[in-house]
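Take a look at the structure below.
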Amino acid sequence: MEAEITNIVKRNVENLRWATRQAVEDALGRLAADIDAYLAAVHAATRGAMQAALERRRQHAETSEPEIEEQEKTVQSLAGLESALRDIAGREA
């Protein structure tokens, strides 16, 4: 009877060990899948943000360039006016 009880206990312990191992492996598999999905989403979001920033940078460059050219023309005009005013002031002195 004692040998039979020992065998039953061993069998039950082995069944519990196997069930526990399967549960842990399943949980780790789900965790790995969740982490992979999360990392893929983070990667996609990062890539999207980088592309949006690059597009904004391109648009800013396109809109800024004519504005910069206009300001450079204004600076040149002002420099010409300054020179003309100095010439006038020099003649009056």
Side-chain angles (χ1 to χ4, degrees):
M1 180 104 150
E2 195 173 313
E4 190 175 329
I5 291 173
T6 301
N7 285 336
I8 291 171
V9 169
K10 284 181 182 180
R11 200 172 331 127
N12 284 342
V13 169
E14 178 58 27
N15 288 342
L16 286 172
R17 185 194 68 78
W18 181 254
T20 302
R21 179 179 176 175
Q22 291 294 9
V24 168
E25 286 180 4
D26 290 346
L28 289 176
R30 287 191 305 273
L31 177 62
D34 289 348
I35 289 172
D36 286 345
Y38 176 76
L39 290 176
V42 167
H43 179 262
T46 302
R47 181 173 289 282
M50 290 172 62
Q51 287 174 339
L54 181 59
E55 183 58 32
R56 281 195 306 272
R57 186 176 189 187
R58 284 185 189 136
Q59 288 175 352
H60 181 69
E62 290 172 1
T63 58
S64 296
E65 191 172 318
E67 206 173 294
I68 290 170
E69 289 175 4
E70 186 63 33
Q71 289 176 356
E72 287 174 348
K73 288 178 186 176
T74 302
V75 167
Q76 289 174 354
S77 295
L78 289 173
L81 288 172
E82 180 185 25
S83 176
L85 288 172
R86 286 179 192 242
D87 286 346
I88 293 172
R91 281 187 251 151
E92 291 179 356

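Salt bridge annotation for Glu14-Arg11: absent, with no cationic side-chain nitrogen under 4.0 angstrom from a carboxylate oxygen. Classification of Glu82 and Arg86 as a salt-bridged pair holds, one side-chain N sitting under 4.0 Å from a carboxylate O.
Atom CD in Glu67 sits 9.5 Å away from atom CD in Glu70 (nearest 0.5 Å). Leu31 contributes atom CG, which lies 12.5 Å from atom CG of Asp26 (distance to the nearest 0.5 angstrom). To the nearest 0.5 Å, atoms CD (Gln22) and CZ (Arg17) are separated by 9.5 Å. Put simply, CD on Gln51 and CD on Glu55 are 9.5 Å apart, with the number rounded to the nearest 0.5 Å. Of the inter-residue distances, the one linking Glu4 atom CD with Ile8 atom CD1 reads 5.0 Å to the nearest 0.5 angstrom. Taking OG of Ser77 as the start and CG of Leu81 as the end, the distance is 6.5 Å to the nearest 0.5 Å.
For the pair Met50/Thr46, a side-chain contact is recorded, criterion being any heavy-atom separation below 4.5 Å from C-beta on. Side-chain contact between Arg56 and His60 is absent, with no heavy-atom pair separated by less than 4.5 Å.
In this view, His43 satisfies the side chain to side chain donor-acceptor pair (under 3.5 Å) rule with no residue, not counting sequence neighbours. Judged as a side chain to side chain contact (heavy atoms under 4.5 Å, CB included), and not counting sequence neighbours, the contacts of Leu54 are Arg58.
Within 6.0 Å of atom CD in Glu65, 12 or fewer heavy atoms from other residues, nucleotides or ligands are found, so the atom counts as exposed in its surroundings.
No donor-acceptor pair under 3.5 Å is formed between the side chain of Ser83 and the backbone N or O of Ala79.
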